[in-house]
Structures are given as structure tokens and as C-alpha cells.
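A quick write-up on the structure given underneath.
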Amino acid sequence: MVLLGFNSNGFAHHRLEDALPWLAELGYQAVALTPDVPHLDPARASMAEVRRIGALCASLGLSVVLESGARFALDPRRKHRPNLLELEDAWQARLEYLQRLLAWCPELGSQVLSFWSGALPKGQTRTGAADRLHAAADALAPVAERLGVRLALEPEPGHFVATLDDFSVLAEPRFALMLDVGHLLANDHYSPSAAIAAFGARIAGVQLDDARRGVHEHLAPGAGELDWPEVARACASLPGEITACFELSRDSHRFHEIAPEALARWRSAARESSRE
């Protein structure tokens with residue numbers, strides 16, 4: 001069963017207390033929470049605040065996925081740095097950040113923590129980067145297992161793990177997959193249905209965004225080249241309950257328009273896919 005959701009990076013200009021009830025009212029069943037300056041600021045949020053948002057999500061019936069991909073969470077002057085692949089000890093800052101978010105998962109009711117590898121730093125080798133990912137798994141996996149949380153690695157264009165083939169070769173077996181369907185058009189050769197068929201139960205969640213072939217730009221559904229009935233049909237084939245959350249940070253300024261429109265388009269695509 002697909003639990004349709006929305007990523008909080010797509011409503012950066014709304015308070016969580018305003019956006020979350022509206023998502024539930026519209027009919028969304030999940031939310032991907034990205035701790036960032038406007039929402040659960042990782043540098044300032046207390047555990048009491050985290051618990052409060054978790055309780056709010058539970059009261060609204062919203063399943064939670066915790067995302068760790070805020071652009072400047074650790075360094076206000078470098079996007080997505082430091083990452084897990086750094087040559088120096090700075091990689092530990094990213095590791096400690098993920099460990100902190102893992103501790104948030106039970107309070108938020110999240111069974112998934114999503115992250116990416118990061119881009120290969122200057123001077124780092126592919127072997128060294130792979131070793132860093134293995135070391136991260138050694139540090140994170142036992143805690144995640146104890147908490148009942150899946151560690152979901154998202155292939156990200158321009159990163160060390162950029163494609164599903166990279167994931168197959170480089171990702172630790174202890175990592176699940178966070179699948180972004182827009183990225184398949186941006187830099188991959190898989191279709192959504194082929195990706196879901198190939199990776200099946202290893203998929204811990206899906207991120208929804210439209211895209212144009214060869215361009216990494218998250219677009220609102222219908223603004224790109226994605227076959228939305230195919231996406232809906234493929235997601236419906238996944239086992240158990242799984243979240244599929246729109247990730248539309250570039251449209252955050254028009255969340256009030258996009259949220260109902262995206263839901264309507266998904267429902268239309270799901271109806272069309274059921275008739276095929």
C-alpha cells in the first residue's frame with residue numbers, strides 16, 4: 001500500500017503546525033521531514049520539540065520518513081558538506097549528524113532515515129570513499145537495528161553514489177534504497193517500473209518529482225517527462241506499506257497550490273494505471 005506524502009522542504013515558508021494539518025486534511029498520509037533552518041533546525045531543536053512534532057504527526061495519522069539532506073545543515077557556506085566521504089576527520093561531523101537524527105526517529109515515529117553519500121571530495125579515491133561508506137555502516141547499522149530504523153541511501157546525481165548501478169556496486173548491504181523517480185530521468189537508464197522490479201523489497205521509500213531527460217531539476221508533476229500512471233502502478237506493486245513523498249523544494253513558494261494539485265494528479269494517475 002502506497003502512503004502518499006509531501007517533503008517538508010517543499011513548504012519551507014509554512015510552519016509545520018500549519019502545513020501538517022493541511023496535508024492530512026487534503027488526504028495525504030505521510031510526510032518526509034527534512035530538519036532544516038525553518039523546520040526542526042538541527043542546530044537548535046530540542047528533543048522536546050522533536051517529540052511535539054512527532055505527537056502532532058501521530059495525531060494527524062501521518063506516517064513519517066526522516067530525511068537528512070538539508071543543503072546547508074552542517075556548513076552555511078558549502079552545500080552538502082562535509083559529507084561521509086571526506087578525507088579528513090570532517091566526515092565524522094556528517095556521521096554524528098546522522099547518529100543524532102537516528103535518535104530522533106523513535107520520537108517522530110519514523111522507521112526510515114534517508115541520506116546520500118555526498119560528492120567525491122577533491123583528493124579522495126573511489127576506494128577511500130567506499131571505505132568511508134563501510135565505516136559509516138559499521139557505526140550506524142547497529143544503532144538503527146536496535147531502534148527498528150532502516151538506513152536508506154538515495155542515489156543522487158553528481159554524488160559518489162549517483163545511479164542505481166552505483167548503488168548495486170557501492171552501497172553497503174546494510175543500506176536500504178531510497179528511490180527518487182525523477183533522478184531516473186536525470187541520470188539513469190532505469191524506468192520507474194524496471195527500478196522497482198529490480199530492487200523490490202530493498203526499497204524503503206520513494207521520492208516523487210517530475211524531471212526532463214538528462215536534467216537534474218525537481219519539477220512539479222506534469223511539468224516534465226515522467227509517465228505518472230507507470231509510477232503509480234509500479235509503486236502499487238511494492239510489498240507492504242511504503243511512503244511515496246513529493247519532493248518539490250524549488251516550488252516551496254507555491255506549496256499552497258502544488259500540494260492539492262500534486263495529490264489530484266497522483267489520484268488521476270492511479271485511476272488510469274488501474275484501467276490499463
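The analysis underlying the following values was restricted to heavy atoms, covering all of them including side chains, and did not include hydrogens, waters or symmetry mates.
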(request) Walk me through it: do Ser252 and His13 pass the test side-chain contact (heavy atoms from CB on, under 4.5 Å)? (result) CA-CA 7 Å; Ser252 196; His13 308 292; 3.9 Å; yes
Hey, are the side chains of [X] and [Y] touching, using non-hydrogen atoms and a 4.5 Å cut-off?
| X | Y | value |
| --- | --- | --- |
| Leu108 | Cys57 | no |
| Asp165 | Pro155 | no |
| Pro35 | Leu66 | yes |
| Leu16 | Leu40 | yes |
| Asp227 | Pro192 | no |
| Ile53 | Glu17 | yes |

(request) Begin from the C-alpha positions of Val161 and Leu153 and carry the test side-chain contact (heavy atoms from CB on, under 4.5 Å) through to its verdict. (result) CA-CA 9 Å; Val161 179; Leu153 178 62; 4.2 Å; yes
(request) Identify, with sequence neighbours excluded, every residue that meets ring-ring contact (aromatic ring centres under 6.0 Å, His included) alongside His216. (result) His183, His218
Indicate if [X] and [Y] have the same hydrophobic cluster label, given that clusters are the connected sets of ILVMFWY residues with side-chain heavy-atom separations under 4.5 angstrom.
| X | Y | value |
| --- | --- | --- |
| Val143 | Leu151 | yes |
| Val31 | Met1 | no |
| Phe72 | Leu95 | no |
| Phe246 | Leu3 | no |
| Val231 | Val215 | no |

(request) Could you identify which residues cluster with Val112, counting Ile, Leu, Val, Met, Phe, Trp and Tyr as linked when any side-chain heavy atoms lie under 4.5 Å apart, either directly or through a chain of such contacts? (result) Val65, Met178
Could you tell me whether the side chains of [X] and [Y] share a donor-acceptor contact shorter than 3.5 Å?
| X | Y | value |
| --- | --- | --- |
| Ser249 | Asn7 | no |
| His159 | Asp166 | no |
| Asn83 | Trp116 | no |

Give, for atom [atom1] of [X] and atom [atom2] of [Y], the distance between the pair rounded to the nearest 0.5 Å.
| X | Y | atom1 | atom2 | result |
| --- | --- | --- | --- | --- |
| Tyr190 | Thr163 | OH | OG1 | 8.5 Å |
| His134 | Phe175 | NE2 | CZ | 9.0 Å |
| Gln111 | Ser63 | CD | OG | 8.0 Å |
| Arg94 | Asp75 | CZ | CG | 9.5 Å |
| Leu33 | Leu20 | CG | CG | 6.5 Å |
| Leu208 | Leu226 | CG | CG | 8.5 Å |

Solution key, residues 119-129 side-chain donor-acceptor pairs under 3.5 Å, sequence neighbours excluded:
residue : atom : partner : partner atom : Å
Gln124  : NE2  : Leu85   : O            : 2.7
Thr125  : OG1  : Gly128  : N            : 2.8

Whether [X] side chain and [Y] backbone form a donor-acceptor pair below 3.5 Å:
| X | Y | result |
| --- | --- | --- |
| Asp36 | Pro38 | no |
| Arg265 | Pro221 | yes |
| Asp188 | Leu164 | yes |
| Asp210 | Gly222 | yes |
| Asn187 | Ala162 | yes |

Smallest separation among heavy atoms of [X] and [Y], with atom names:
| X | Y | result |
| --- | --- | --- |
| Arg132 | Leu84 | CB-O, 3.1 Å |
| Leu140 | Leu98 | CD1-CD1, 3.9 Å |
| Leu248 | Asn9 | N-OD1, 4.2 Å |
| Ser68 | Ser114 | OG-O, 2.7 Å |
| Ala12 | His39 | CA-CE1, 3.8 Å |
| Glu230 | Ser193 | OE2-OG, 2.7 Å |

(request) Run through Phe11, Phe255, Tyr28 and flag the one making a ring-ring contact (aromatic ring centres under 6.0 Å, His included) with Trp22. (result) Phe255
(request) Take atom CD of Glu261 as the centre, draw a 6.0 Å sphere, and report whether it contains more than 12 heavy atoms from other residues, nucleotides or ligands. (result) yes
(request) Return yes when atom CZ of Arg202 has more than 12 non-hydrogen atoms of other residues, nucleotides or ligands closer than 6.0 Å, and no otherwise. (result) yes
(request) Kindly indicate, with the supporting measurements, whether the criterion salt bridge (charged side-chain N to carboxylate O under 4.0 Å, His left out) is fulfilled by Arg81 and Glu86. (result) CA-CA 9 Å; Arg81 300 288 296 276; Glu86 307 290 345; 2.7 Å; yes
(request) If the plane angle is over 60° it's perpendicular, under 30° parallel, otherwise tilted; pick one for Phe167 and Phe199. (result) perpendicular
(request) Salt-bridge test for Arg174 and Asp138: reply yes if a basic N is under 4.0 Å from a carboxylate O, no otherwise. (result) yes
(message) With side-chain contact (heavy atoms from CB on, under 4.5 Å) as the criterion, how do Cys105 and Val149 come out once you've worked through the C-alpha distance, each side chain's angles and the decisive distance to 0.1 Å?
(response) CA-CA 7 Å; Cys105 284; Val149 176; 3.7 Å; yes
